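As structure tokens, the structure follows; a few thoughts come after it.
Counting starts at 1 for both ligands and their atoms, in listed order. What you see is a predicted model; the values in this text were computed from it and never measured.
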Amino acid sequence: MKTTRHGTLVAKISQWGEVRPTNPLKIQDVTFRDAHQSIFATRVRTQDLLVIAEKMDRVGFHSMEVWGGATFDTMHRFLGEDPWERIRVLKRHMGRTPFSMLLRGQNLVGYRNYPDDVAEAFVERCCINGIDIFRIFDALNDFRNFETVVRVVKEHGKHFQGAICYSLTERRMGGEVYTLEYYLDKAKELEDMGADSVCIKDMAGLISPYDAYVLVKALKERVRVPIHFHSHFTSGMADMSLLKAVEAGVDIVDTCLSAWAYRSSHPAVEPLVVTLMNTSRACGLDLGLLSECSELLEEVSRTYRHLLDDRTSIVDANVLLHQIPGGMISNLVNQLREMDALPRLKDVYGELPRVRKDLGQVPLVTPTSQIVGIQAVNNVLFDKPGERYSMITAQVKDLCYGLYGKTPAPIDEQVRTKALKDHPRGSTPIHVRPADILEPELEKAREETAGLARDIDDVLVYALYPTTGKRFLRWKYGLEEIPAEVTGEGTSMPSRQGPPPAQGKDAAEGKCTGGDSLRRDVQEGLGGPRRDENAGFPVGATRYRLYVDGQCVEFALEQVAHPAGGLVSRGGSQRPGLELREKRGLPADPVHVRHEVRNEEGVAREGTGGEAPGSPGDGDTPVTAPMPGMVVRYVLGEGERVAKGDVLVVLEAMKMENFITAPSDGVVKKICMREGQAAKKGDVLAVVSAP
Ligand code: CO
């Protein structure tokens with residue numbers, strides 16, 4: 001038996017000709033950032049990373065990615081932890097291994113381009129707090145968005161890694177936009193900018209093993225600086241792609257500890273270490289130490305299990321089919337579920353590539369994945385026949401204006417025109433580097449946090465995330481109690497962020513509750529007309545149930561095509577659309593119900609979360625949230641005149657801002673919620689009364 005094993009080993013050696021690692025593969029560990037961002041929604045607390053920090057520092061990784069990406073946002077928003085403090089704490093425990101972070105170019109660690117003064121201060125603070133390697137990417141691969149941050153990285157003598165977002169418009173590399181030449185040109189551009197290394201950033205696990213081989217080989221021939229390969233396991237190909245990249249001569253790869261590997265995370269490091277043993281590319285990491293770390297991490301993981309995707313499959317076949325990243329799909333599913341529209345997921349899958357094409361075939365990565373994904377949801381839910389893009393998010397408008405940079409392919413002219421119709425900066429898109437037109441914001445942030453922020457790090461939390469940043473600073477300095485779901489109620493258990501504690505009564509499904517006074521139970525999701533079992537309701541109409549102050553109202557609506565039979569407004573005008581076919585138990589005036597359903601394309605409900613506006617009087621129109629979200633700001637105040645279509649409120653949903661407009665002319669009678677407050681779908685945001 002010994003001979004057999006020895007014989008096999010010799011065969012392996014003789015086949016490849018050598019055992020000495022003449023070109024050892026360098027490994028960057030991403031356990032502390034991308035791994036838990038991918039599988040635990042970035043919710044892991046610093047204290048749980050410290051369990052293995054010192055051991056990990058002894059492994060001998062080329063570097064460890066410990067910060068950036070979503071960590072900054074989730075830490076201050078959901079964990080009540082100071083993101084800056086994490087770098088400093090980790091650095092105290094890990095003195096040997098260089099720290100790497102993911103920086104979204106001029107988006108820093110947020111979702112929009114920040115002005116240069118904020119970008120400079122932020123990157124400088126990253127350098128000083130302890131980041132050594134900056135992996136910088138731009139969602140559009142528009143490297144003009146690197147200029148400012150790279151300058152600061154270089155000034156501080158740190159490592160600039162230029163990342164190219166890997167994207168496809170067809171199953172394999174090539175086709176429209178994303179050809180081999182595209183990537184080679186991008187890499188060359190980065191090298192010319194002074195990149196110390198170039199990274200292929202395959203955030204959705206789209207790269208196939210043989211494409212990885214071809215791409216890395218070509219890059220190695222064309223580019224002088226080291227090539228770094230980053231691929232997510234999502235589609236099940238990353239292990240194979242990584243190995244082909246190694247064969248093609250890649251210099252550095254990203255992996256993580258097996259405990260947090262696979263699914264939408266990364267290949268595990270342990271099998272790779274063994275795979276490369278006795279080859280020229282052996283990486284020489286201590287397998288025993290790695291397995292100790294993984295075992296400890298398994299313990300920690302128990303408290304985060306509820307965040308794990310509950311599908312049994314660890315391979316997401318959707319990526320192979322639609323190329324839609326898993327993280328994006330779970331976002332879309334959540335969004336649709338909260339809007340009672342889960343059955344429309346298939347439509348969203350179909351709409352997504354169309355929106356992406358309209359918006360210039362952008363790579364799908366933060367923030368463009370959200371921008372494209374949520375716009376696709378909006379189109380599916382709010383567009384009426386013959387009308388597309390009826391609710392365009394602020395971010396899509398900005399993308400069309402050029403505020404994110406240059407898209408890989410041109411934006412559809414019709415969509416652009418529509419999006420820029422009421423853009424605050426004007427209807428002519430810009431072609432310069434986006435930050436060139438941005439006003440400085442740092443001084444303003446200092447002023448607005450005077451008396452609250454104690455240092456520049458505090459100011460930057462606010463500058464990047466004004467609403468949640470300010471709330472965090474109030475938590476940090478004991479000016480506001482930290483909610484239980486943020487503290488984890490005295491345990492290390494991270495709680496998922498939910499809506500703030502209900503101020504009204506329990507609104508359990510199907511109950512006619514008083515606090516949540518108006519509630520609709522969409523019986524068939526947003527599905528088409530159905531045969532109703534109850535006599536009296538017409539066949540072919542969709543039946544709805546409203547709960548108005550504890551009273552149940554049932555009615556049926558039918559789609560009508562002819563103007564004459566259409567919806568009759570109070571003014572008597574007739575239009576095609578939904579027709580009220582039958583009603584039961586309706587209080588006095590059916591016009592209201594009809595009006596609400598027509599205007600909101602969704603749920604009408606009153607008086608939750610904020611102050612109850614009371615029963616709207618005659619001529620009062622409640623303006624409700626068409627989707628769950630956070631009130632960003634009111635554009636108009638109480639008593640101000642408003643015209644139909646004017647923007648009243650900006651509502652942030654899935655990080656995208658939606659403009660909620662006035663349904664009719666009138667006066668803002670009541671503002672019903674506070675800025676920063678969470679609105680459920682159907683919550684009344686404001687009441688507009690007749691002029
Ligand atoms: Co990643």
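- Residues Leu102 and Phe137 form a side-chain contact, since some pair of their non-hydrogen atoms from C-beta on lies under 4.5 Å apart.
- The number of protein N/O/S atoms found under 2.8 Å from the Co ion (ligand 1) is 3.
- Sorted by first then second residue, the salt bridge (Lys or Arg N to Asp or Glu O under 4.0 Å) pairs that include residues 222-231, not counting sequence neighbours, are Glu181-Arg222, Glu191-Arg224.
- Of the possible polar contacts, none joining the Ser63 side chain to the Pro98 backbone as a donor-acceptor pair under 3.5 Å is found.
- In terms of modelled atom types and a separation under 3.5 Å, the side chain of Ser235 and the main chain of Val319 share no donor-acceptor contact.
- No hydrogens or angles considered: a donor-acceptor pair under 3.5 Å links the side chains of Thr97 and Asp57.
- At least one donor-acceptor pair closer than 3.5 Å links the side chain of Arg356 to the backbone N or O of Val362.
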